[in-house]
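Here is the structure we will look at.
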Amino acid sequence: MKIQRALLSVSNKTGITKLAAFLHEIGVEIISTGGTMKAIKEAGIPVTYVSDVTGFPEIMDGRVKTLNPFIHGGILAVRSNPDHMAQLKEHGIKPIDLVVVNLYPFKETIATPNVTEAEAIENIDIGGPAMVRAAAKNFRDVVIITNPARYSSLIAMLQQHGDIDLTTRKTLAKEAFRHTSEYDAMIADYLEKQLKNS
C-alpha cells in the first residue's frame, strides 16, 4: 500500500527536514504539530498543521493536540475492513499511512540538575505514545518510525520498492512498543524515587 499521508511530530528533530523533503518529493501529504511543523515549514516544505486537520486548536499548553478522531481514526482504520473505510468516508477522515513520532525528552528533563516535579510532569508525553501505539497496532496498514536512525532505510526502501514490506512494518511496530514501554518504565521509576524521597 503506497504511503500517501504522513504525520510527523518529533521531539528529536534530527533528520526530520530531510525526511519531510523526501516525502514531499514523492507526493506524500505531510501533517505536523508545533515545533516539528515550524522546522518543516522553515525548510520550505509544504505541511498541514494538525489543528487544520482536527478543526480544533492545540489547547492546555499543548497537552491536547492530536487526541482526536481525525488523527486516531486515520491511523487505526483497517484498510481491508469495508466498515472502517465507510466510517472514514462518512466522517470525512483521511487515512494516515506513516507516523513518525518520538517522545518528549523525559529522560533528559529529569537528568537536569534541580529539575522540579512540575517540570518533569510536563515532559510526560501523552499524545505521542497514543499515536505510536495506534500506528504500531495497525502495522499492516501504517508504518511507524520512532527512531531517527531509521529515516535513511525508510527513504531507501521507498525509493527502491515504493512501499514498506510487512516484515519491516512488524519490526518497526515491535520497536515502537519497546520505545513506549521503556518510556513508561522510566516515568514509573521517577515517581517511585519521588515517593521514597517525600
Side-chain angles (χ1 to χ4, degrees), residues 1-50 52-53 65-66 70-81 84-85 88-89 93-105 125 127-180 182-183:
M1 184 186 298
K2 193 170 175 288
I3 291 170
Q4 296 178 305
R5 204 157 174 253
L7 193 155
L8 278 49
S9 179
V10 293
S11 172
N12 178 353
K13 308 284 188 292
T14 305
I16 199 66
T17 53
K18 184 183 173 189
L19 176 62
F22 170 76
L23 292 172
H24 173 63
E25 199 180 290
I26 62 167
V28 175
E29 180 193 348
I30 300 168
I31 305 161
S32 193
T33 56
T36 308
M37 184 192 74
K38 188 170 178 279
I40 293 169
K41 197 175 255 186
E42 282 173 1
I45 303 154
V47 57
T48 302
Y49 186 31
V50 76
D52 293 333
V53 174
K65 48 186 176 250
T66 57
F70 280 96
I71 300 301
H72 286 272
I75 295 171
L76 283 163
V78 175
R79 312 308 198 255
S80 60
N81 182 324
H84 284 202
M85 298 315 284
L88 285 188
K89 195 172 180 184
I93 300 171
K94 288 205 264 178
I96 294 169
D97 312 304
L98 168 66
V99 173
V100 181
V101 170
N102 54 57
L103 309 176
Y104 291 173
D125 203 330
M131 288 188 290
V132 168
R133 288 172 55 81
K137 174 176 178 167
N138 203 19
F139 66 83
R140 288 179 182 276
D141 294 319
V142 183
V143 177
I144 174 66
I145 305 269
T146 53
N147 185 348
R150 282 283 191 185
Y151 298 169
S152 55
S153 59
L154 173 76
I155 289 169
M157 200 173 283
L158 288 172
Q159 281 173 328
Q160 197 174 347
H161 306 289
D163 199 3
I164 307 301
D165 66 86
L166 185 58
T167 301
T168 304
R169 287 167 177 263
K170 199 178 281 191
T171 302
L172 291 168
K174 178 201 74 176
E175 285 179 13
F177 281 118
R178 183 87 62 214
H179 185 56
T180 55
E182 286 170 359
Y183 191 77

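Just so you know, residue 1 is the first one in the sequence shown, and it goes up from there. Scope of the values below: all heavy atoms of this structure, side chains included, with no hydrogens, waters or symmetry mates.
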**Request:** Quick one: do Glu175 and Ile144 satisfy side chain to side chain contact (heavy atoms under 4.5 Å, CB included)? Show the steps, please.
**Result:** CA-CA 9 Å; Glu175 285 179 13; Ile144 174 66; over 6 Å; no
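- Atom CD1 in Ile45 sits 6.0 Å away from atom OG1 in Thr17 (nearest 0.5 Å).
- Side chains of Asp141 and Val78 form a contact here, defined as non-hydrogen atoms less than 4.5 Å apart.
- The minimum heavy-atom distance between Ile71 and Ile96, with the atom names listed, is O-CD1, 3.7 Å.
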**Request:** List the steps and the verdict of side chain to side chain contact (heavy atoms under 4.5 Å, CB included) for Arg150 and Thr171.
**Result:** CA-CA 11 Å; Arg150 282 283 191 185; Thr171 302; 3.8 Å; yes
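- When all heavy atoms of Ala173 and Ala136 are compared, the closest pair comes out as CB-O, 3.6 Å.
- At distances below 3.5 Å, not a single donor-acceptor pair connects side-chain atoms of Tyr183 with backbone N or O atoms of Pro129.
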**Asked** Does the pair Leu154 and Leu98 meet the rule for a side chain to side chain contact (heavy atoms under 4.5 Å, CB included), with working shown?
**Response** CA-CA 11 Å; Leu154 173 76; Leu98 168 66; 4.2 Å; yes
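- Two residues are said to be in side-chain contact when any heavy atoms from C-beta on lie closer than 4.5 Å; Lys2 and Asp97 fail this criterion.
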**Item:** Intermediate values then yes/no, side chain to side chain contact (heavy atoms under 4.5 Å, CB included), Ile16 and Tyr151
**Value:** CA-CA 8 Å; Ile16 199 66; Tyr151 298 169; 3.7 Å; yes
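- For the pair Asp165 and Met157, the minimum side-chain heavy-atom distance is below 4.5 Å.
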Run the side-chain donor-acceptor check on residues 19-40: report pairs under 3.5 Å with partners two or more places apart or on a different chain.
unit_1: Glu29; atom_1: OE1; unit_2: Arg5; atom_2: NE; d: 3.2
unit_1: Glu29; atom_1: OE1; unit_2: Lys94; atom_2: NZ; d: 3.3
unit_1: Ser32; atom_1: OG; unit_2: Leu8; atom_2: O; d: 2.6
unit_1: Ser32; atom_1: OG; unit_2: Met37; atom_2: N; d: 3.2
unit_1: Thr33; atom_1: OG1; unit_2: Ser9; atom_2: OG; d: 2.7
unit_1: Thr36; atom_1: OG1; unit_2: Val10; atom_2: N; d: 2.9
unit_1: Thr36; atom_1: OG1; unit_2: Val10; atom_2: O; d: 3.1
unit_1: Lys38; atom_1: NZ; unit_2: Glu42; atom_2: OE2; d: 3.1

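- The two residues Val142 and Ile75 come nearest to each other via the heavy atoms CG2-O, 3.2 Å.
- For Lys13, the NZ atom is densely surrounded, since the number of other residues' heavy atoms within 6.0 Å is greater than 12.
- Nearest heavy-atom pair, Gly127 versus Asp125, reported as atom, atom and distance to 0.1 Å: N-OD1, 3.5 Å.
- Applying the side-chain contact (heavy atoms from CB on, under 4.5 Å) criterion to Leu88, with sequence neighbours excluded, gives Ala77, Met85, Ile93, Pro95.
- Atom NZ in Lys170 sits 11.5 Å away from atom NZ in Lys174 (nearest 0.5 Å).
- Asn102 has its side chain within reach of Ser11: a pair of non-hydrogen atoms, C-beta onward, lies under 4.5 Å apart.
- Interatomic distance, Glu182 CD to Leu103 CG, rounded to the nearest 0.5 Å: 11.0 Å.
- Taking 4.5 Å as the limit, some side-chain heavy atom of Phe139 sits within range of a side-chain heavy atom of Leu166.
- Atoms CD and OG, from Gln160 and Ser153 in turn, are 12.0 Å apart once rounded to the nearest 0.5 Å.
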